[in-house]
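A short worksheet on the structure shown next.
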Amino acid sequence: MKLLSATPSPYARKVRIALHEKGIPFELLTEVPWNAGATAPQYNPLGKIPVLILDSGECYYESRFILEYLELRNPEPPIYPRDTRLLLAAKRLEVLADGACDAFVLVFMERQRPEAHRSAPWLARQQAKIAAAVDEIARLIEPGSEYAVGDSFSLGDIAVGTLLQYLDVRYPELPWRRHAHLEALAQRLWQRPSFEQTVPVKQTVVGAV
Ligand SMILES: N[C@@H](CCC(=O)N[C@@H](CS)C(=O)NCC(=O)O)C(=O)O
């Protein structure tokens with residue numbers, strides 16, 4: 001199978017980490033989805049990466065849906081906790097982390113505009129969402145726990161570890177490290193080979209979007 005990806009994308013990274021953790025071989029196709037000529041619309045009507053392209057040509061898009069596909073088709077090792085309470089807790093962390101990334105994508109696009117055309121209230125609105133989501137993630141994760149939920153690596157770790165490193169690359173002014181237990185969790189997660197091999201790298205968007 002192939003994964004259509006972008007180097008800074010936290011959504012694509014979630015999938016890359018899951019593929020790595022599950023030991024599933026794949027070919028990585030990288031593009032800048034915002035640039036003219038991006039191939040994402042050929043595979044995903046929504047025109048977004050990540051897209052998982054199966055050998056049959058069937059495509060799965062939307063990171064949460066791709067992760068569900070991977071878990072259903074390749075249940076071992078699990079990234080979805082088997083305990084319902086822990087599964088819901090992990091999915092809540094994913095909702096918050098994805099939502100913070102969504103808000104940051106809006107900030108990023110707004111910052112692409114000439115300064116005079118930027119909306120300060122819009123930027124503040126999105127930035128407040130990111131800060132609130134990070135604070136809620138910090139509240140939900142027990143200080144001192146080795147993993148985001150329960151006692152094993154899961155979707156919750158993928159979502160939170162990915163969000164925090166994305167913020168470091170794209171939004172370093174956010175002081176998320178004031179949550180010391182999040183910093184400790186992130187440092188542990190980032191040492192896993194699946195995180196080390198997928199560190200986000202900035203891309204340059206060419207032209208107006
Ligand atoms: N909710 C989607 C978000 C994916 C997304 O926003 N991808 C961005 C790159 S990080 C993209 O491809 N944007 C191109 C566009 O919207 O045209 C997911 O989880 O997969």
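Both counts, for ligands and for their atoms, begin at 1 and track the order of listing. Heads up: numbering here begins at 1 and tracks the sequence.
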For the atom pair CZ (Arg73) and CG (Leu52), what is the distance rounded to the nearest 0.5 Å?
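Going from the CZ atom of Arg73 to the CG atom of Leu52 covers 11.5 Å.
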
For the CG atom of Leu163 and the CG atom of Leu96, what is their distance to the nearest 0.5 Å?
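Result: 9.5 Å between the selected atoms.
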
Do any nitrogen or oxygen atoms of ligand 1 lie under 3.5 Å from a protein nitrogen or oxygen, and which ones?
unit_1   : atom_1 : unit_2 : atom_2 : d
ligand 1 : 1 (N)  : Glu62  : OE1    : 3.2
ligand 1 : 1 (N)  : Glu62  : OE2    : 2.8
ligand 1 : 7 (N)  : Ile49  : O      : 2.9
ligand 1 : 12 (O) : Ile49  : N      : 2.9
ligand 1 : 19 (O) : Glu62  : OE2    : 3.3
ligand 1 : 19 (O) : Ser63  : N      : 3.3
ligand 1 : 19 (O) : Ser63  : OG     : 2.6
ligand 1 : 20 (O) : Ser63  : N      : 2.8

Could you pull out all donor-acceptor pairs under 3.5 Å where a side-chain atom in residues 13-21 meets a protein atom, sequence neighbours excluded?
unit_1 : atom_1 : unit_2 : atom_2 : d
Arg13  : NE     : Thr198 : O      : 2.7
Arg13  : NE     : Thr198 : OG1    : 3.0
Arg13  : NH1    : Gln165 : OE1    : 2.8
Arg13  : NH2    : Gln165 : OE1    : 2.8
Arg13  : NH2    : Phe195 : O      : 2.9
Lys14  : NZ     : Ser63  : OG     : 2.9
Lys14  : NZ     : Glu94  : OE2    : 2.9
Lys14  : NZ     : Asp98  : OD1    : 3.0
Lys14  : NZ     : Asp98  : OD2    : 2.9
His20  : NE2    : Gln197 : OE1    : 3.2
Glu21  : OE1    : Arg192 : NH2    : 3.0
Glu21  : OE2    : Arg192 : NE     : 2.9
Glu21  : OE2    : Ser194 : OG     : 2.5

Between Arg64 and Glu71, does at least one N-O distance fall below 4.0 Å, as a salt bridge requires?
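Judged by the 4.0 Å cut-off on N to carboxylate O distance, Arg64 and Glu71 do not form a salt bridge.
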
Connected via hydrophobic side-chain network under 4.5 Å: Tyr171 and Leu182:
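Yes, because Tyr171 and Leu182 connect within a single hydrophobic cluster, where side-chain heavy atoms sit under 4.5 Å apart.
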
Is the number of heavy atoms from other residues, nucleotides or ligands under 6.0 Å of Arg125 CZ greater than 12?
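At most 12 heavy atoms, drawn from other residues, nucleotides or ligands, come within 6.0 Å of this atom.
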
